[in-house]
*Asks:* 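If you scroll down you'll find the structure; I have some questions about it.
Note that the structure is predicted; figures quoted are calculated from it, not measured. Whatever order the structure lists them in is the order used to number ligands and atoms, beginning at 1.
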Amino acid sequence: MDLGISGKRAAVAAASAGLGYASAATLAAEGVQVAICGRDRARIDDAAERIGHGCVPLVADVGDAPGGEAFVAAAVEALGGLDILVTNAGGPPPGNFASTPVSAYPDAIDLNLMSVVAMCKAAVPAMQEQGWGRVVAITSVAVRQPMAELILSNTARAGVTGFLKTLAREVAADGVTVNSAQPGLHRTDRMRQLYGDAPELTMGDPADFGAVVAFLCSEQARFTTGVQLHVDGGSYAGLL
Ligand code: NAD
């Protein structure tokens, strides 16, 4: 299926590896002009080279609001504007209620909530003006079903989901859609760090996740907004 987005311009955050990389690679293969970021020059250059299709590598740390805003500004400058924003960042450290000090929460909220708010603030008004835009936030299936030992992630991602849903309804009439893609377990460095190479875990292929992100950015998905789509191979057991 032709997604109808060839020639559009996309910024994909935290894309030197994992789910961000897979999302950027799928969009680039669809003919989208993609700018990606990571914190390390050599790694992000290498990722852009592997993605090909003129992918632009930018060094940016999207771990907080100023970093998120700076990445979008650099992507807008590099691409001459923006039609698609895929927000992403690393995940916060593991821990439960007992082991996680209050002082650890602000960093997690900066990383997985405030950076998204800032990226949207920097990108969405121009999308509204041009009457076309797509925002896809990579969050987590933990929004539906909080994961044990990931209390920081569970907390920050619930907040960002409330922000995204509110934004989606505010900009729907301007041709801008705002959705989130919620990964279950996918075979990435983050999952290897958390769970090792545990063979009993059913893990998804990041490329399959990237394909869903690209669909949410498509022309065909123009009437799909405010959705939290879990991509988890059926691991979430709830009805809604
Ligand atoms: P990952 O750690 O494998 O890859 C993240 C990439 O982003 C890495 O290249 C890393 O260097 C880069 N990055 C990290 N922090 C950054 C920052 N502050 N600024 C710029 N670049 C940064 O992670 P992943 O598995 O691809 O996961 C992506 C997101 O999805 C994370 O927030 C993770 O917690 C969440 N998630 C992943 C899964 C999964 O199965 N992989 C499941 C649930 C949630």
Side-chain angles (χ1 to χ4, degrees), residues 11-26 35-48 50-51 55 57-72 74-75 86-95 107-116 118-119 136-161 164 180-198 201-210 212-213 228-236:
V12 183
S16 47
L19 304 178
Y21 174 88
S23 303
T26 312
I36 59 174
C37 83
R39 291 163 296 183
D40 180 82
R41 170 53 71 194
R43 287 187 70 218
I44 200 69
D45 283 352
D46 177 60
R50 283 182 284 126
I51 289 170
C55 180
L58 299 168
V59 174
D61 182 343
V62 294
D64 57 17
E69 186 182 344
F71 167 54
V72 171
V86 179
T87 70
N88 185 34
D107 279 354
I109 287 168
D110 277 347
L111 178 69
N112 292 135
L113 168 57
M114 295 313 299
S115 67
V116 180
M119 283 188 258
V136 180
I138 299 178
T139 62
S140 174
V141 76
V143 173
R144 291 170 186 277
Q145 183 171 283
M147 291 176 172
E149 302 297 330
L150 286 178
I151 200 166
L152 291 172
S153 174
N154 297 340
T155 303
R157 295 186 200 278
V160 81
T161 303
L164 293 162
S180 53
Q182 302 176 328
L185 299 182
H186 288 76
R187 219 169 286 109
T188 65
D189 294 343
R190 163 89 172 159
M191 287 303 111
R192 286 190 194 99
Q193 276 161 16
L194 288 173
Y195 304 114
D197 274 323
L201 291 174
T202 308
M203 293 236 183
D205 182 340
D208 293 338
F209 183 86
V212 172
V213 169
Q228 303 85 40
L229 182 56
H230 47 301
V231 184
D232 70 343
S235 68
Y236 170 64

*Asks:* Which protein residues come within less than 4.0 angstrom of ligand 1, counting heavy atoms only?
*Replies:*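 Protein residues near ligand 1 are Ala14, Ser16, Ala17, Gly18, Leu19, Gly38, Arg39, Arg43, Ala60, Asp61, Val62, Gly63, Asn88, Ala89, Gly90, Gly91, Ile138, Thr139, Ser140, Arg157, Pro183, Gly184, Leu185, His186, Thr188, Asp189, Arg190, Met191.
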*Asks:* Considering non-hydrogen atoms only, spot the tightest contact between Leu152 and Ala108 and give its length.
*Replies:*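 Heavy atoms only, the tightest pair is CB-CB, 3.8 Å.
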*Asks:* So, taking the atom named OH in Tyr195 and the one named CZ in Arg187, what distance separates them when rounded to the nearest 0.5 Å?
*Replies:* 15.0 Å
*Asks:* How far does CZ of Arg144 sit from CG of Asp232, to the nearest 0.5 angstrom?
*Replies:*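 Rounded to the nearest 0.5 Å, the CZ-CG separation comes out at 8.5 Å.
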*Asks:* Do Pro206 and Leu19 make a side-chain contact, defined as non-hydrogen atoms from C-beta onward lying under 4.5 Å apart?
*Replies:* yes
*Asks:* Under 3.5 Å, side chain of Asn88 to main-chain N/O of Ala14, donor-acceptor pair present?
*Replies:*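 Answer holds: yes.
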*Asks:* Would you call Asp46 and Arg43 a salt bridge, using N to O less than 4.0 angstrom?
*Replies:*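 Salt bridge between Asp46 and Arg43, a charged N being under 4.0 Å from a carboxylate O: no.
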